[in-house]
2 protein chains.
Amino acid sequence: MATIIDVAKAANVSPSTVSRVIADHPRISLKTKRKVREVMKDLAYYPNIQARNLAAKKTMMLGVVMGHSAMLAFQNPFFPEVIRGISATAHARKYGLSLSTGGTEREILDEVRAMVQSKKVDGIILLYAKDQDPIFEYLRAENFPFVVVGTPPEHRLETDYIDNNNVALAEELVDYLIALGHEDIAFVGGDIHYGVTRDRVKGFEQSYAKHGLEVDAAYYQHNTDHVEETLLKLMQLKNRPTAILTQDDLMAYEIITHLERLAIRVPDDVSIISINNHALSNYMRPALTTVEIHIFELGYKAAEFLCQRIENPTKKAQHAFVETKLIVRESCAKRC
Amino acid sequence: MATIIDVAKAANVSPSTVSRVIADHPRISLKTKRKVREVMKDLAYYPNIQARNLAAKKTMMLGVVMGHSAMLAFQNPFFPEVIRGISATAHARKYGLSLSTGGTEREILDEVRAMVQSKKVDGIILLYAKDQDPIFEYLRAENFPFVVVGTPPEHRLETDYIDNNNVALAEELVDYLIALGHEDIAFVGGDIHYGVTRDRVKGFEQSYAKHGLEVDAAYYQHNTDHVEETLLKLMQLKNRPTAILTQDDLMAYEIITHLERLAIRVPDDVSIISINNHALSNYMRPALTTVEIHIFELGYKAAEFLCQRIENPTKKAQHAFVETKLIVRESCAKRC
DNA sequence: CTGAAAGCGCTTACAG
DNA sequence: CTGAAAGCGCTTACAG
């Protein structure tokens, strides 16, 4: 395999010059560049990335870490979509992608440590935001370039992140349900330790407050593991909810199925509104009213922010909201 | 940041010895190992991966390349699941994962070239198998370690691959439908240039032949882009099919929805059988009869084969089938 | 505009 | 069991 020295010899220049041609250094003459490039082509020369990175002290790699289980276990399209978005900017900016492989939280933390200490990546994208996250804290403590997809619960001002405006999003959803006449709305699913859930609860409450309504605490059901039980409990309440807000289309379908078993019809008896706009949601019966959150864009921007941070470690932290869109279909009806 | 030299000094040994301790070399005394390890801990020393790889001429990285669009556009759980499987063995064997980021086929090919020529990865996992694939051909020509998830159309004997037994799988499905009385079965969806589709067509035909039936060519509909049109055409046939075999649950739902619009009921008028066992398929109406193909296992084994190939480049090529399981639910009925 | 030299931080025959 | 030395294949001040 040809090295930079072979190219240098064949082109009658020094290795330094070849190196500069590779980097398209402006102070090399066009003539030299042309000659060297020709030789590189002839010899099918590709620079050795490891050597280049070692000398240049960078990696041109972005680490992507997904929270333990969270993303993958959930068979929703979040993961592939966000990766597509990240890939798009990574590719455009000539970065590679390195995925965390750990299964347990501990393994992932060790891996992240190794990624930064062993100089495997130039920066890291955290695909989640949650409370008391040792990985988040580690990255902060090390002052290592990273960005989070989601809104970190702490140190927001000093960290780069990208998210939907989940407060506003939930408020809009609840506004919509209230406009349909619903006043007893349950919020089912979603780990309350995740920022995303908390923000949505907040938006929920803002809408209620705005309309002079009071939230019944029994309507908050954030235990994802026992959907069926949760629904039973909810439906046995004196003031049983007439609408349900849930955070993912897949969960919405699970809920609808359980409801049907209880002979409760959607949307006639209970309205369901969701978030994520799964590709299937248009094909389902009833077609789901849900929110498009533009996951691709989330990933795209996250990588964008990270690359900027890597290039300029001292710049001010960036945050932004990616737009969302309520998609009204058939799973919500007027309260009768 | 501490280097191997700092550790060596602090431990009163040579850098070579530190290096050997890191590699847990057997010929280093336990006493020395202990001392060096202690120092490493004290100094929070992590070996620089780039340097190590440059010197050792390996990368401890596995490249994962997904066919252009194929995996991601399709919002099915294949991608996250197969990555989970790959991650599991990669993590166990201390390999990292590097994802291809290209969008177009050309970009992906360039990226793969760069991965191998620039020594970014020790081996590559191809997440698809198809005809005339320049990436496959390149990897073969370079004699670079790689494994394919799927059955390559050519050079099977010399290449490592892992797949379901798609011929047998399809045969079983058609046997099942025939046992229910169906004799006019359509096969909808799936690019015929992909090995997976071709194998399933073969299984389809084997079942027909076995039962002394003849396949009507009009029943093969492999144009994925216009499902609705395809169904219309199919349903206007004189011998309109009484059952439809499709290759993915998501497509099955699309089909069911279109059928309902035509006032054709599933499974009463037409039976639907599918493949992939999506997490949702149990919640759908009608609950889908489909095949569990164990995607995690596919990824796990693929990485396993690849690591073995990397460690032993001259060993005989390995292939294996991952088991599949027909899951009978409610979308198929006896022909009436 | 180009080159010689030092260096990036490791590994690994070779020698003892 | 351990060390000195060469080398992995680049980059980048420094000098001219």
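Quick note on labels: first sequence line is chain A, next is B, and so on, each numbered from 1. In what follows, every heavy atom counts, from backbone to side chain, and hydrogens, waters and symmetry copies are set aside.
Picking from D:dC1, C:dC1, C:dT11 the nucleotide with the shortest atom distance to the side chain of A:Ser29 gives C:dC1. Proximity note for A:Arg52 (side chain, C-beta onward) versus C:dC10, D:dG3, D:dT11: the nearest is D:dT11. Distances from the side chain of A:Thr32 to the nucleotides D:dG9, C:dT2, C:dG9 place C:dT2 closest. Listed nucleotides: D:dT2, C:dT2, C:dT11. Nearest to the side chain of B:Ile22: C:dT11.
The aromatic rings of B:Tyr128 and B:Tyr194 sit perpendicular, their planes meeting at an angle over 60°, well past the 30° parallel limit.
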Self-check item: Secondary-structure string, 5' to 3', Watson-Crick or G-U under 3.5 Å, | for another-strand partners, for DNA chain C
Solution: |||.||||||||.|||
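The distance between atom CG of A:Asp6 and atom P of D:dG9, rounded to the nearest whole Å, is 9 Å. Atom-to-atom, CD1 of B:Ile4 to P of C:dC8 comes out at 14 Å; the value is rounded to the nearest Å. When the C1' atom of C:dT2 is taken as reference, atom CG of A:Asp24 falls 16 Å away, rounded to whole Å. Nucleotide D:dT11 holds its C1' atom 15 Å from the CE atom of A:Met60, rounded to whole Å. At whole-Å resolution of the value, CD in B:Gln50 and P in D:dC8 are 18 Å apart. Remark: P of D:dG7 and CG of A:Leu54 are 17 Å apart, rounded to the nearest angstrom. Remark: C1' of D:dC10 and NZ of B:Lys57 are 13 Å apart, rounded to the nearest angstrom. For the pair A:Ile5 CD1 and D:dG9 P, the interatomic distance rounds to 8 Å; values are reported in whole Å.
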Quiz item: A:Met61 and B:Lys120: side chain to side chain contact (heavy atoms under 4.5 Å, CB included), yes or no, with the steps?
Solution: CA-CA 11 Å; A:Met61 279 290 215; B:Lys120 262 185 104 162; 3.7 Å; yes
Exercise. Assess whether side chain to side chain contact (heavy atoms under 4.5 Å, CB included) is satisfied between B:Val148 and B:Asp160, documenting all intermediate values.
Key: CA-CA 7 Å; B:Val148 359; B:Asp160 294 301; over 6 Å; no
Practice problem: Could you walk me through whether A:Ile293 and A:Val322 pass side chain to side chain contact (heavy atoms under 4.5 Å, CB included), step by step? | Solution: CA-CA 7 Å; A:Ile293 62 169; A:Val322 164; over 6 Å; no
Quiz item: After noting the C-alpha distance and the side-chain angles of A:Cys307 and A:Leu62, does the key distance pass the side chain to side chain contact (heavy atoms under 4.5 Å, CB included) rule?
Solution: CA-CA 9 Å; A:Cys307 291; A:Leu62 268 24; 4.2 Å; yes
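Not less than 6.0 angstrom separates the ring centroid of A:Phe144 from the ring centroid of A:Tyr138. Aromatic pair A:Phe305/A:Tyr161: centroids not less than 6.0 angstrom apart.
Under 4.0 Å is where a charged nitrogen must lie from a carboxylate oxygen, and between A:Lys94 and B:Glu111 no such pair does.
Taking atom P on both C:dA13 and C:dG9, the two are 23 Å apart, rounded to the nearest angstrom. Of the C1' atoms belonging to D:dT12 and D:dG16, the separation is 16 Å, rounded to the nearest Å.
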Quick test: give all pairs of protein nitrogen or oxygen and nucleotides 12-16 of chain C nitrogen or oxygen below 3.5 Å, distance rounded to 0.1 Å.
from: C:dA13; atom 1: N6; to: B:Arg20; atom 2: NH2; distance (Å): 2.6

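The 5' end of DNA chain D is approached more closely, in terms of each residue's nearest nucleotide, by B:Ile28 than by the other of B:Lys119 and B:Ile28. Taking the nucleotide of DNA chain D with the nearest heavy atom to each of B:Leu30 and A:Ala2, the more 5' of the two is matched to B:Leu30.
Residue-level contact check: B:Val13 touches the backbone only, with heavy atoms under 4.0 Å from sugar-phosphate atoms and none from bases.
Phosphate contact (OP1/OP2 of C:dG3, side-chain N/O of A:Ser14, threshold under 4.0 Å): present. OP1 or OP2 of C:dC10 lies within a sub-4.0 Å distance of a side-chain N or O belonging to B:Tyr45.
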Anything under 3.5 Å between a donor and an acceptor, one on a side chain of residues 295-303 of chain B, the other on a protein residue two or more places apart or in another chain? List them.
none

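Atom NE2 of A:His294 sits about 6.0 Å away from atom CD of A:Glu323, to the nearest 0.5 Å.
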